[in-house]
> 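Just passing along the structure, written as structure tokens.
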Amino acid sequence: MNKLLKELQEKLDFQSAISSASIPNDLLPSRYEDKVGGELGKEFVAHLERIINEERYSPDEASFIHVPKPGFTTRPAALLTLADRLVYEALIDSIKPAIEKKLISDEYVMWPRANYIPKRWGEFERAPISTGEEYVVNVDVTAFYDSIDHSVLEDKIVEIIGEDTFARAISSFLTNVMGSNRGVPQGILASDTLATLYLQSVDSAMLRSGFNYWRHGDDIRMSAENISLARQAIAIAEIELRKLGLVLNSSKCVIQRTEHYDTHLQKTSKVYDLIKKQLYEKKVEDVSSDSDVLQDFMSEAKLDDQMKWDLFYHESISIEDVIEEIREHLQPDELEIAKALFEETMVGIPDGENPLPKDQFHVQIKKSMLRLAAGKSDIAVDKCSSLIAKFPDKTELVCNYLISLSSICPQDVALQVEDVINSDLFLTAWQKAWIYRVLGECSDRISDNTKATIFKNCSDQYAHWLERVEGFKVLSKIGALPFKLIMQSWEIAPIAYKPDLIASAVYLSRSCKRSQRFLEGIKQFPIERVVARHCMSKLQDL
């Protein structure tokens with residue numbers, strides 16, 4: 001690996017790659033080292049280039065965190081050090097143009113592309129409807145990112161770029177960070193480029209066979225004129241995937257009539273439109289029955305006094321005429337709709353009396369809570385603990401909503417996650433990390449019982465490092481973390497978690513001299529320095 005990177009060093013643009021490497025892993029909470037850039041970024045690149053040139057660079061095995069999926073399964077997100085992320089991005093950046101030229105058109109392979117583009121999920125889902133064929137086929141690959149064979153990937157890279165040095169370097173890098181000859185790190189942009197290259201032969205085979213075919217990640221949609229052709233499409237896809245060592249996810253392999261597929265896609269938008277209509281009609285009813293409310297809306301619409309006289313005294317115009325004039329002001333705003341959508345979605349919770357289809361519940365709860373977070377509405381706060389308990393995969397969504405409200409109702413926010421963290425509920429390390437992120441935003445409101453729970457978790461040598469270091473940061477913000485724990489952990493923690501230990505030391509340094517001396521001792525390293533600087537600025541807000 002060292003010799004290969006040294007051989008390729010002149011072709012790798014680390015300075016350009018640092019912007020991609022600093023984009024957070026989309027499966028994990030954001031990292032302090034994501035902030036590296038500017039002069040500190042240049043210093044770090046110079047350091048990395050030096051150790052590569054001296055053949056001292058070696059990738060570290062990734063730290064794997066299991067992220068819940070809908071249901072009871074998980075997917076492994078890989079946490080890499082910044083140095084490894086930078087090398088990975090630089091290697092892939094160098095071959096992206098060649099890959100993009102050879103990819104199937106974006107009319108069929110919508111996302112990902114070799115170059116980084118926004119997801120096109122909505123367009124992808126609606127593509128099969130436009131063909132007019134009777135059936136739509138849904139196909140999904142089981143554990144796709146985990147199953148990518150490095151030797152097969154290496155061959156595909158050689159086919160694309162016509163030489164094997166990059167291919168061997170990428171394959172060797174992946175084997176080191178994954179600790180296996182299979183898999184690419186999930187949640188990282190560079191992996192998406194390799195993933196779409198890996199499935200290129202499947203794309204080509206399906207299109208050569210004449211099927212209407214679209215792919216978005218490892219999700220595939222096809223349309224067919226009849227059941228027989230739909231089954232044939234699945235059979236061909238399965239054969240091509242097996243050639244790559246991949247397997248179809250049988251539980252997600254579905255053939256359905258196009259009209260049923262279309263109806264299902266429209267359900268959420270129909271609910272949204274219906275709620276909007278109902279809210280509007282309720283406002284019309286209110287202004288029709290309450291003259292004070294009507295006058296308020298007329299003033300908001302800046303209708304002149306003559307119209308008020310004509311309505312209330314001369315009765316020369318009807319209330320319907322006025323409603324038409326103020327129609328725009330009676331329309332509910334996005335936050336009003338989000339509140340109603342959330343309440344209606346909770347009535348249809350999957351384990352309730354009138355359950356919504358699970359995927360419809362997912363879309364509606366996500367859409368409503370994102371808007372509630374943006375509008376800082378506390379309407380959903382008292383449901384948060386139960387949502388985390390019942391739907392582990394919604395933990396990130398719920399915790400980000402709570403974080404958005406932590407400055408408005410910190411006590412209520414703290415109580416919601418304390419209920420979860422102090423219960424006997426099984427929580428993954430990823431869930432605990434997100435919950436600790438919330439507690440870190442309202443750390444002055446947490447109970448002694450919660451502090452004891454976090455301390456016990458931080459002291460548990462068998463607990464995952466992700467949850468431990470997030471707990472460290474909560475306790476350090478309130479001065480309840482013994483500096484000894486930071487020192488002990490510094491010697492044994494995987495390198496990817498050292499920025500979190502630095503953050504804890506910064507927060508603790510307000511009251512701990514030993515922590516202050518520790519921070520002096522790490523200033524010579526670029527990453528450590530930028531993490532410390534970033535955390536120092538955050539102290540101003542505490």
Side-chain angles (χ1 to χ4, degrees), residues 17-45 47-48 60 62-63 65 77-89 185 187-189 396 399-400 403 406 429-430 432-441 443 454 458 464-478 481 483 485-487 489-490 493-510 512 515-516 518-542:
I18 201 166
S19 59
S20 298
S22 297
I23 294 174
N25 184 314
D26 64 9
L27 295 178
L28 298 175
S30 60
R31 310 282 305 160
Y32 290 110
E33 62 267 34
D34 295 336
K35 308 295 182 182
V36 171
E39 289 302 314
L40 287 173
K42 290 179 182 178
E43 290 176 24
F44 183 74
V45 166
H47 170 72
L48 180 60
D60 290 284
S63 174
I65 300 101
L79 176 60
L80 275 60
T81 66
L82 181 62
D84 293 342
R85 283 157 57 189
L86 185 52
V87 168
Y88 191 25
E89 289 290 348
I188 297 176
L189 292 175
E396 178 181 0
C399 286
N400 275 324
I403 288 170
S406 59
W430 177 83
K432 289 181 184 178
W434 271 111
I435 289 170
Y436 290 158
R437 283 284 172 105
V438 177
L439 290 172
E441 296 299 318
S443 54
I454 300 173
C458 290
H464 195 288
W465 277 105
L466 182 70
E467 60 186 280
R468 291 182 70 186
V469 296
E470 290 295 338
F472 279 17
K473 286 181 280 189
V474 177
L475 295 180
S476 64
K477 283 183 177 181
I478 54 178
L481 180 72
F483 179 72
L485 266 182
I486 296 178
M487 285 301 302
S489 300
W490 187 261
I495 191 171
Y497 295 103
K498 291 198 173 182
D500 301 283
L501 298 176
I502 294 168
S504 298
V506 169
Y507 295 133
L508 201 60
S509 66
R510 292 173 296 176
C512 176
S515 190
Q516 294 171 13
F518 171 85
L519 292 171
E520 286 294 322
I522 53 92
K523 280 186 176 179
Q524 72 271 30
F525 302 111
I527 294 302
E528 283 79 349
R529 193 158 65 248
V530 74
V531 170
R533 182 179 297 177
H534 176 70
C535 294
M536 287 291 188
S537 68
K538 294 283 276 186
L539 280 178
Q540 307 303 317
D541 302 325
L542 294 179

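No experiment lies behind these values; they were computed from the predicted model shown.
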> With rounding to the nearest 0.5 Å, note down the distance linking CZ in Arg510 to CG in Leu508.
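Result: 8.5 Å between the selected atoms.
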
> For Gln516, enumerate each residue passing the side-chain hydrogen bond (donor to acceptor under 3.5 Å, both in side chains) test, keeping only those at least two apart in sequence or located in another chain.
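In terms of side-chain hydrogen bond (donor to acceptor under 3.5 Å, both in side chains), with neighbours along the sequence ignored, Gln516 is linked to no residue.
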
> Output all residues satisfying side-chain hydrogen bond (donor to acceptor under 3.5 Å, both in side chains) with Asp34, sequence neighbours left out; order by chain, then residue number.
Arg85

> Tyr88: what forms a ring-ring contact (aromatic ring centres under 6.0 Å, His included) with it, not counting sequence neighbours?
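ring-ring contact (aromatic ring centres under 6.0 Å, His included) list for Tyr88, sorted by chain: Phe173.
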
> Filter on salt bridge (charged side-chain N to carboxylate O under 4.0 Å, His left out), then keep only pairs touching residues 495-508, sequence neighbours left out; what's left?
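Applying salt bridge (charged side-chain N to carboxylate O under 4.0 Å, His left out) to every pair that reaches into residues 495-508, excluding sequence neighbours, yields Arg31-Asp500, Lys473-Asp500.
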
> Not counting sequence neighbours, which residues clear side chain to side chain contact (heavy atoms under 4.5 Å, CB included) with Ala62? List them please.
Phe64, Ala78, Leu80

> Once you round to the nearest 0.5 Å, how far does OH of Tyr507 lie from CZ of Phe472?
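Interatomic distance, Tyr507 OH to Phe472 CZ, rounded to 0.5 Å: 15.0 Å.
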
> Please identify each residue that fulfils side chain to side chain contact (heavy atoms under 4.5 Å, CB included) with Ala17, with sequence neighbours left out.
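By the side chain to side chain contact (heavy atoms under 4.5 Å, CB included) rule, Ala17 matches Leu86, Glu89, Ala90, Asp93.
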
> What pairs with Ser20 under side-chain hydrogen bond (donor to acceptor under 3.5 Å, both in side chains), at least two apart in sequence or on another chain?
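Partners of Ser20 by the side-chain hydrogen bond (donor to acceptor under 3.5 Å, both in side chains) criterion come out as none, since no residue qualifies.
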
> Test of understanding: with side-chain hydrogen bond (donor to acceptor under 3.5 Å, both in side chains), list the residues that count as partners of Glu467, not counting sequence neighbours.
Lys432, Asn457

> Should the pair His47 and Phe44 be assigned to parallel (<30°), tilted (30 to 60°) or perpendicular (>60°) ring geometry?
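The arrangement is tilted - the two ring planes meet at 30° to 60°.
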
> Partners of Lys42 by side chain to side chain contact (heavy atoms under 4.5 Å, CB included), sequence neighbours excluded?
Gln15, Glu39

> How long is the span from the CG atom in Leu481 to the CD1 atom in Ile486, to the nearest 0.5 Å?
5.0 Å

> Under the rule for side chain to side chain contact (heavy atoms under 4.5 Å, CB included), what residues qualify as partners of Glu528, not counting sequence neighbours?
Trp490, Ile502, Ile522, Phe525

> Can you tell me how far the OG atom of Ser63 sits from the CD1 atom of Ile495, to the nearest 0.5 Å?
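The CD1 atom of Ile495 is 12.5 Å from OG of Ser63, to the nearest 0.5 Å.
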
> Within the side chain of Trp430, is there an N or O that forms a donor-acceptor pair under 3.5 Å with the backbone of Leu27?
yes

> Please answer whether the main-chain N or O of Asp60 pairs with a side-chain N or O of Asp84 as donor and acceptor at a distance below 3.5 Å.
yes

> Working to the nearest 0.5 Å, report the span between CG of Leu466 and CG of Leu28.
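The CG atom of Leu28 is 7.0 Å from CG of Leu466, to the nearest 0.5 Å.
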
> Could you measure the distance from the CZ atom of Arg437 to the CD atom of Glu441? Nearest 0.5 Å is fine.
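Separation between the atoms: 9.0 Å.
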
